Amino acid sequence: MKKNRVLFASLAGSVIEWYDFYLYGTATALVFSTLFFPNHDPTVSVLIAFATFGAGYAARPIGSIIFGHMGDKIGRKATLMITLIGMGGSSFLIGLLPTYAQIGIWAPVILVVLRLLQGIALGGEWGGAVLLATESAPKGVRGLYGSIPQLGVPLGLVAGTFSFTIISSLTTNAQFLAWGWRIPFLFSIVLIGLALWIRSGIDETPAFQKQKDSGEIVKIPIVQTFKTNWRNLLQIIGLKIGDGFFNVFLMSYVLVFATTYLGYSRDTALLALTISCATMLLTIPIMGYLSDFIGRKVIYIGGVVLMLLLSVPYFVLVGQSVTLFFIMQVALLGVIWAAIFATQGTFFSELFPANIRYTGLSFGYQFAAAIVGFGPMIWTAMAAKYGANSWVFGGFMMGGLAISLIIALFTADTRKVTQYEELEELEIEQATSSKLVDSLTLNKTVKE
């Protein structure tokens with residue numbers, strides 16, 4: 001029962017964090033470029049709006065250092081309570097924020113500050129949620145447990161886009177821009193309260209508790225990480241770059257790309273995204289489970305290769321018809337990327353020892369996220385110059401994926417390391433148990 005509650009706690013918080021984060025991404029494409037960054041040139045408005053979107057990604061490494069330090073010093077549970085409050089509070093305040101027409105330049109300034117706070121909070125949430133699950137996992141199913149928090153991404157995005165879709169369908173365009181868009185942001189305060197209640201009832205992870213009991217807490221985790229595990233940090237960054245760029249495109253920029261450059265309606269783009277995320281709800285746990293048997297690395301490399309091969313075909317086909325747009329979106333995001341993402345939490349966390357695991361996992365992943373978060377700015381500039389050119393966009397994605405593939409080929413399969421560690425722990429437990437039995441037998445003999 002406790003294991004199930006831990007899984008639910010890691011997933012619930014993750015869903016809400018990503019709901020808030022992707023809510024901003026959806027609003028950037030549909031609302032913020034008009035209400036907070038008005039400009040006579042629509043391209044400039046979108047470009048500036050996505051710069052603030054990227055700012056949230058850029059802030060995530062800062063959050064990974066702050067909350068990674070806390071997670072490795074005071075514990076996973078306490079740290080994750082704080083990240084929830086930071087994320088939800090920022091989203092709630094965005095829902096109350098006056099527009100440019102009401103307070104002028106202060107509107108985008110405050111919006112950027114709140115976006116930065118969102119990014120900082122998320123920088124500590126993802127890694128903590130993964131560790132909450134993986135460090136509490138029974139032997140032999142760590143990959144499955146590590147994939148559960150990853151479900152927060154599609155669930156959070158579906159919840160965010162669905163809320164916008166519902167509000168949009170119930171309001172006129174004028175009403176939506178006037179007040180309708182605020183409702184999903186304000187609702188996040190209710191979700192945060194629920195997640196805090198769920199997380200308050202769980203225990204600290206066994207791995208951290210063991211470090212604490214043995215006195216192996218590192219004084220400054222980020223320093224220790226760079227000193228002893230800098231190669232693993234670079235590996236994570238390189239492994240995440242390729243699928244990260246494509247993921248940001250498929251889950252955020254696609255709303256602009258499909259409506260502005262392919263001529264599809266906003267509802268069509270949102271529906272394709274929603275169906276893709278719904279597909280991920282099946283793909284992620286299945287692939288997480290399989291990674292415990294065939295290895296994280298095998299699934300990871302297979303996904304990267306398929307995504308690389310389909311990079312150009314994706315951009316060629318999505319503009320041909322609505323049907324092909326849906327098919328390619330589901331294939332790339334809902335199946336292939338989801339398979340890659342299912343393994344990342346467990347794969348990356350197993351590269352670090354427990355006493356710096358929160359910091360190492362979070363910083364490596366979020367540093368890569370900071371880089372890929374500015375993808376929408378790059379693609380807006382590319383589209384303004386080349387249009388929806390399949391080879392330009394496909395070639396860009398292939399470059400990042402090639403980097404990830406090369407690094408993946410030279411990265412150890414952490415599943416084998418984990419199996420060895422679990423075998424050692426089992427042998428220690430058996431030896432301890434045997435010694436206890438011998439001791440009890442000896443005491444009984446002495447008494448007789």
Side-chain angles (χ1 to χ4, degrees), residues 12-38 45 48-64 66-67 70 79-126 128-129 152 156-157 159-164 166-168 171 175-197 199 252 366 369-370 373:
S14 183
V15 169
I16 296 168
E17 295 280 358
W18 288 104
Y19 166 82
D20 288 328
F21 198 75
Y22 280 115
L23 206 60
Y24 189 101
T26 304
T28 297
L30 303 179
V31 178
F32 292 158
S33 61
T34 302
L35 297 182
F36 290 88
F37 305 97
S45 294
I48 295 173
F50 271 118
T52 69
F53 178 78
Y57 277 84
R60 283 159 65 171
I62 299 173
S64 72
I66 295 172
F67 294 111
M70 294 175 63
T79 303
L80 287 170
M81 302 290 275
I82 298 171
T83 61
L84 270 176
I85 295 171
M87 194 75 186
S90 299
S91 293
F92 181 75
L93 292 175
I94 288 174
L96 298 174
L97 186 62
T99 64
Y100 186 91
Q102 294 170 314
I103 61 173
I105 191 65
W106 283 108
V109 169
I110 298 172
L111 181 64
V112 170
V113 170
L114 292 174
R115 176 60 172 175
L116 290 173
L117 291 176
Q118 268 194 340
I120 289 172
L122 186 57
E125 166 63 25
W126 179 81
L157 190 143
T161 55
F162 183 70
S163 63
F164 265 111
I166 290 295
I167 299 299
S168 178
T171 60
Q175 291 172 331
F176 181 77
L177 291 176
W179 52 267
W181 67 270
R182 298 179 182 276
I183 295 175
F185 284 95
L186 297 175
F187 184 66
S188 65
I189 198 72
V190 177
L191 300 178
I192 293 300
L194 177 62
L196 287 174
W197 174 73
R199 282 187 172 174
S252 179
Q366 303 302 350

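Along the sequence shown, residues are numbered consecutively beginning with 1. Given the structure is predicted, the values throughout are model-derived calculations rather than measurements. Note that these values count all heavy atoms, side chains included, but never hydrogens, waters or copies made by symmetry.
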Distance check, rounded to the nearest 0.5 Å: [X] atom [atom1] versus [Y] atom [atom2]?
X      : Y      : atom1 : atom2 : value
Leu191 : Leu196 : CG    : CG    : 11.0 Å
Phe36  : Ile103 : CZ    : CD1   : 7.5 Å
Ile167 : Phe176 : CD1   : CZ    : 8.0 Å
Phe185 : Leu114 : CZ    : CG    : 10.0 Å
Arg182 : Leu35  : CZ    : CG    : 8.0 Å
Thr171 : Ile166 : OG1   : CD1   : 11.0 Å

Donor-acceptor contacts, no H, no angles, side chain residues 81-99, under 3.5 Å, sequence neighbours left out:
{"unit_1": "Thr83", "atom_1": "OG1", "unit_2": "Leu80", "atom_2": "O", "d": "3.0"}
{"unit_1": "Thr83", "atom_1": "OG1", "unit_2": "Glu125", "atom_2": "OE1", "d": "2.9"}
{"unit_1": "Ser90", "atom_1": "OG", "unit_2": "Gly86", "atom_2": "O", "d": "2.8"}
{"unit_1": "Ser91", "atom_1": "OG", "unit_2": "Asp20", "atom_2": "OD1", "d": "3.2"}
{"unit_1": "Ser91", "atom_1": "OG", "unit_2": "Met87", "atom_2": "O", "d": "3.4"}
{"unit_1": "Ser91", "atom_1": "OG", "unit_2": "Gln118", "atom_2": "NE2", "d": "2.8"}
{"unit_1": "Thr99", "atom_1": "OG1", "unit_2": "Gln102", "atom_2": "OE1", "d": "3.4"}

Please name the pair of heavy atoms, one in [X] and one in [Y], separated by the smallest distance, quoted to 0.1 Å.
X      : Y      : answer
Gly152 : Ser14  : CA-OG, 3.6 Å
Arg60  : Gly119 : CG-O, 3.0 Å
Ala58  : Pro61  : O-CD, 3.1 Å
Phe67  : Ala121 : CE1-CA, 4.0 Å

